[in-house]
Every structure is written in structure tokens, then in C-alpha cells.
Number of protein chains: 2
Amino acid sequence: MSVPKFAQIKEFILENIQSGEWQENDRVPSENELTSQFQVSRMTARRALSELTDAGILTRSQGQGTFVASFKSQSSLLEIKNIADEVKARNSNYSCTILVMESISAIAPIAIALGVEVDSHVYRSVIVHNENEQPLQVEERFVNPALAKDYLQQDFHSLTPHEYLSQNAPLTEARHTVEAIMPNQEMCEWLNLYNEEPCLQVIRRTWSSQGIVSFARLVSPGSKYRLGGHLTFKK
Amino acid sequence: MSVPKFAQIKEFILENIQSGEWQENDRVPSENELTSQFQVSRMTARRALSELTDAGILTRSQGQGTFVASFKSQSSLLEIKNIADEVKARNSNYSCTILVMESISAIAPIAIALGVEVDSHVYRSVIVHNENEQPLQVEERFVNPALAKDYLQQDFHSLTPHEYLSQNAPLTEARHTVEAIMPNQEMCEWLNLYNEEPCLQVIRRTWSSQGIVSFARLVSPGSKYRLGGHLTFKK
DNA sequence: CAACTCATCTTGTATATACAAGAAAATTAT
DNA sequence: ATAATTTTCTTGTATATACAAGATGAGTTG
């Protein structure tokens, strides 16, 4: 047996999720439905669903069924995701200022990071995220236009770029680096920094099944922002 | 049935690991052994082992058996762990300089972070980790003496503090914060920084089942060190 | 109409069984 | 003694079966 049956069923489910066919909170086939679709025993179908549930990709509820998990519950480092939620969770006022929305010609490093040809057009946005009207983070983002045609037409006051992108091209992979930098003058203005101070910079590249979606640079003043991580061994 | 059998077996295994009874890479009972010990079917014993394996706590190998996983393979952010390995993986020369090894009286913030009484004695060490004889990271660590009596007698040239501690009091939980700071003068000297530059500071607190083990502060120059993270959705 | 009961669909737990395949030790043959 | 074979122990895959328990809607009863 080259590839086990339970693994085939897992792949089938993952493909449907990654293609966007099954969205967040959608119901996936029940154990009995998979049993007849794939001509396997219930225990085999169950194994596929259980393992994807343990991996955080599905959620199950006795009596109701099995559903595609929401991406929020994904993983530790990706908590660096939605700064709007983070601010609201602190009972602070969230707002954002959109500084740049444009289509530019990709110079070499950006083209390479996005996996497109040099001098081809890519989208660029610069957004300042505020907590109680004070700048907290600058988000500079370069987007592969092939995977998000309407990017420049979005209103990012109501929906963050990350939310928009993950709805249009379900992401399958993300890579981060975190470093400490000294902001340049432009960045100081954006962040309203009168005295120079070190900043935390997160670079994030995200992939979908069709390729690299976007490349973001998130810069926050060291005095106002820190990253948290938490690990438990047990359970 | 209040608590399922497979869950009881999982607890049994976890307790043995957390107590230090079963160390890294030790063998755990086979499916058949658990079957007779707990009077369950092989499938139930198997479920306990499989789920702990999926959780990264055990590793299994067909024909050989099931073993306690090494903590290296634990999780994404904990990769911030062993800087010695990181340097060696880059084919660079690793060395370290031990600056301080002492027993001090805990001032309030340190006592609170360690969960001990103010003015009680705690251990403190300061170590500089070098890559090719250049300072890469300063590790300042405060240790709860109740959980690591021989801490000051160790030779940390051969064994890192983290390795020593996790052998003596198996860790069950870790919490990190990452931030960007400007180093003070003492830190600049330790890191050999002539010009001020922003640094990445990681604060890590680690727990064992008996309480807070230690509290570490890891500082690296922004120009020489960055943190990496990687997330995959698939599989 | 409202409340209750019941049938049905869902996931959850547990067992007994069968065969496959990798690894290592014991046995046998050279 | 060494090499090849066999046995045994391990995990891996797959099925059929049984009963428990949560959720939901249909039908019955008051």
C-alpha cells in the first residue's frame, strides 16, 4: 500500500480547504459520508478527521458535526497577526491611517521576495495602526497582484490587509524574522518619534498554494510594543 | 465513564516524564505492555501513544519502540533555546565567557519573577556567548536555588545553563517576551559595542512541576542576531 | 399553541481481529 | 567464527462491531 487510505482522505480534505472550496466554519463530510464516499470503514474515516482536528485544522462537536477551524486558533507565532484585535483586547481604541496605496515597479529585492519578475508591477500599501490615537505600528506591505487583483480597491479601515488576503488566497505557509533596528527618518515621522528609539521589526512572507502572496514589514517602537510567546509542555 | 481509559494512560505517561522518571530518549512501555498493565485493548493503548506522539512528546519507530522525544523538537518559539547549537549549525566557532557566578540577595522584581521571598538568596550568572570569538549574546540568568542546588558548581563551558536546568528539573512551561531595547553601558562593554546600537532582548521564564525554575534575559545586537519563525498550514 | 417524547444523525469510547512491515535477537547453516 | 535464516517483538494500517452521549427535528400529547 503506497499511500494509506486515511492519508488520502486527509489530503482530500486539505485540498478542499486550501482551494477555498470549504471556508472557515463550513461543515465537512461526516464520518459516515466519508465512509461511503471512500469505501472505507468508519474507523479509517474517523482517523483522518481526528488527526486534522488534533492539528487544529478542524473542530468537532458531538452531535453537530465537523467544521473547518477558524484560522485565529492557528498557532503561537502567528499571533503576531492582527494588531487590531490585540488593541481591542486591551480595551483601547483602535484606529488606522492609510498613508500609501499604490502600484509600483518592483526593484530587485522586492521582486525576489515576491517571486515575480524585476520591474513588473506590484501593489504597495503603508498603514499606521494606532492605539488611542497614538501610532503603535507601521505596516508596509508589498502584494503580488496576480493573487489579489482588487487589493488597491479595498477599504482597510474596516478589514485589515491580512484578513483580506487570507480570504482571497487561503494561506498555507508563513515565515517570520524578528529583529531590532533603528528607524530611519521617514519611519520616525510615521511613528511620531521625536527622540530616536530602537524598534522591533517583523518581516513576514506568506504563501498560498498558488505562490507567494505578500511580503510585509511591521515596525513598532520598542517602548510601546513587545512580542509574547507561550509554551506549555503538558496535555 | 468519568475519565476515559486512553486519557488515564496519557496522564500516566506524562507524569512519569514530568517527574523526571523517564528522561529524554528513554523508552516508554510498548503497546502490548500497556495493554496488560492497564487491562485495555491494544487499540486503546495505541491511542494514548499516538496522541502523545502527534503532540510531539513521544517519538515512535516501527520495530524499535516508543521513546520520550527530545525537547529540541518542541516548538517554534522555543528555538530561541540553545545558541551554542545555532552557532555550530552555521559552521562557526562557538565559545563562551563566564563573567559572573554568584549568590545574591533577591530584590523585589527578581524575587517576584522567581516566586521566592524578597531578600532570600538566589543564584545569578552572566555568560557571554561568542561566535568566532565575537560576542553574540549576553545571558543573564537568575535561578531558584531550591530547584537547582548545584547551579554555581557547574562548568558552563561544556553544558549550557539551559541544558543543565532542564536535566535537573524537567521543564513544563516557558514564557517569552521579545522586545527592542537600547543597551546600557555595562551591556555595551559585555557585547563589545563601540557605537550604540539597538538590541533584541528576550526574557524567558521557565517552570517545572515544582515551581519557577529560572528567569533569563538574553540580549543580542540587532546587527548580528535575529529570530526566525516558520509556520506551515499543511499536513 | 406549547411542551414533551422519540427517532435519527452526529461524534466519542472501547474491543477483537487481521495482516503488513521494520528491527533486532536467536537460531541455524556454512 | 562468520554468514544467512528464522523467529519474535515492535509499530502501522484497516475493518467490523458495540454502546454511549450530545444535538436536532419530527411527531405526539397535553
Side-chain angles (χ1 to χ4, degrees), chain A residues 1-17 21-70 73 234-235, chain B residues 1-17 21-70 73 234-235:
Chain A
M1 175 169 309
S2 51
V3 47
K5 293 183 183 178
F6 78 91
Q8 289 178 32
I9 300 176
K10 284 175 75 172
E11 268 182 55
F12 166 75
I13 294 170
L14 282 171
E15 279 167 17
N16 275 284
I17 297 177
E21 186 70 25
W22 300 343
Q23 301 269 339
E24 283 183 51
N25 296 1
D26 277 3
R27 224 189 121 184
V28 308
S30 72
E31 295 175 1
N32 287 323
E33 286 165 347
L34 289 172
T35 293
S36 53
Q37 273 184 49
F38 284 87
Q39 290 290 300
V40 296
S41 73
R42 189 193 145 204
M43 292 304 287
T44 301
R46 176 175 181 73
R47 179 170 178 184
L49 292 174
S50 296
E51 290 190 3
L52 290 175
T53 301
D54 290 344
I57 292 167
L58 303 177
T59 59
R60 316 194 77 185
S61 163
Q62 195 170 8
Q64 284 190 278
T66 307
F67 306 86
V68 178
S70 54
S73 57
K234 185 167 184 178
K235 155 88 199 176
Chain B
M1 173 170 308
S2 50
V3 45
K5 292 183 182 177
F6 78 91
Q8 290 177 31
I9 300 176
K10 284 174 75 172
E11 268 183 55
F12 166 76
I13 294 170
L14 282 172
E15 279 167 18
N16 274 285
I17 297 176
E21 186 70 24
W22 298 344
Q23 300 268 341
E24 282 181 52
N25 297 357
D26 278 3
R27 223 190 121 183
V28 307
S30 71
E31 294 176 1
N32 287 323
E33 287 164 347
L34 289 173
T35 293
S36 52
Q37 273 183 49
F38 284 86
Q39 290 290 299
V40 295
S41 74
R42 189 192 146 205
M43 291 306 286
T44 301
R46 176 176 182 73
R47 179 169 177 184
L49 292 174
S50 296
E51 291 189 3
L52 291 175
T53 302
D54 290 344
I57 292 167
L58 303 176
T59 60
R60 317 193 74 187
S61 162
Q62 194 170 10
Q64 284 191 279
T66 307
F67 306 85
V68 179
S70 55
S73 56
K234 186 164 182 177
K235 157 92 195 171

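Below, chain A is the first sequence line, B the second, and so on; all start at residue 1. Note that the coordinates shown come from a computational prediction; the quantities given were computed from them, not determined experimentally.
For A/Val40 and A/Ser61, each mapped to the nucleotide of DNA chain D holding its nearest heavy atom, the one lying further toward the 5' end belongs to A/Val40. Residue-to-nucleotide proximity on DNA chain C shows that, of B/Gly63 and A/Arg27, the 5′-proximal contact is made by A/Arg27.
Under the 4.0 Å criterion applied to side-chain N and carboxylate O atoms, A/Glu31 and A/Arg60 are assigned as salt-bridge partners.
At a threshold of 4.5 Å between non-hydrogen side-chain atoms, the residues A/Met43 and A/Arg47 do not count as touching.
The distance from atom CD of A/Glu51 to atom C1' of D/dA14 is 13 Å, rounded to the nearest whole Å. Here the C1' atom of nucleotide D/dC9 and the CG atom of B/Leu34 are 15 Å apart, to the nearest Å. The separation between A/Gln62 atom CD and D/dG22 atom C1' is 5 Å, rounded to whole Å. The CZ-P distance, from A/Phe67 to D/dG22, rounds to 17 Å in whole Å. Rounded to an integer number of Å, the gap from A/Phe38 CZ to D/dT15 C1' is 17 Å. One can place CG of A/Leu58 at 16 Å from C1' of C/dG12, the figure rounded to the nearest angstrom. Nucleotide C/dA18 holds its C1' atom 15 Å from the CD atom of B/Glu31, rounded to whole Å. Counting to the nearest Å, the P atom of C/dA14 and the CG atom of B/Leu49 are 15 Å from each other.
In the set C/dA14, D/dT10, C/dG12, C/dA14 carries the atom at the smallest distance from any side-chain atom of B/Pro4. Listed nucleotides: D/dG12, C/dT13, D/dA20. Nearest to the side chain of B/Phe6: C/dT13. Taking only side-chain atoms of B/Arg60, from C-beta outward, the nucleotide of C/dT15, D/dT15, D/dG12 with the closest atom is D/dG12.
The side chain of B/Asn32 places an N or O atom within less than 4.0 Å of a non-bridging phosphate oxygen (OP1 or OP2) of D/dT10. Checking the phosphate oxygens (OP1, OP2) of D/dA14, no side-chain nitrogen or oxygen of A/Thr44 falls inside 4.0 Å. OP1 and OP2 of D/dT11 both lie 4.0 Å or more from every side-chain N or O belonging to B/Gln64. For C/dT10, the OP1/OP2 oxygens have no side-chain nitrogen or oxygen of A/Thr66 closer than 4.0 Å. Of the side-chain N and O atoms in A/Arg42, none sit less than 4.0 angstrom from OP1 or OP2 of D/dA16. Phosphate contact (OP1/OP2 of C/dG12, side-chain N/O of A/Arg46, threshold under 4.0 Å): present.
The only member of B/Val28, B/Leu49, B/Thr44 that meets side chain to side chain contact (heavy atoms under 4.5 Å, CB included) when paired with B/Leu34 is B/Leu49.
Looking only at distances, a side-chain donor or acceptor of A/Glu33 sits under 3.5 Å from a matching main-chain atom of A/Ser30.
In this structure, CG on A/Leu14 lies 12.0 Å from CD1 on A/Ile9, to the nearest 0.5 angstrom.
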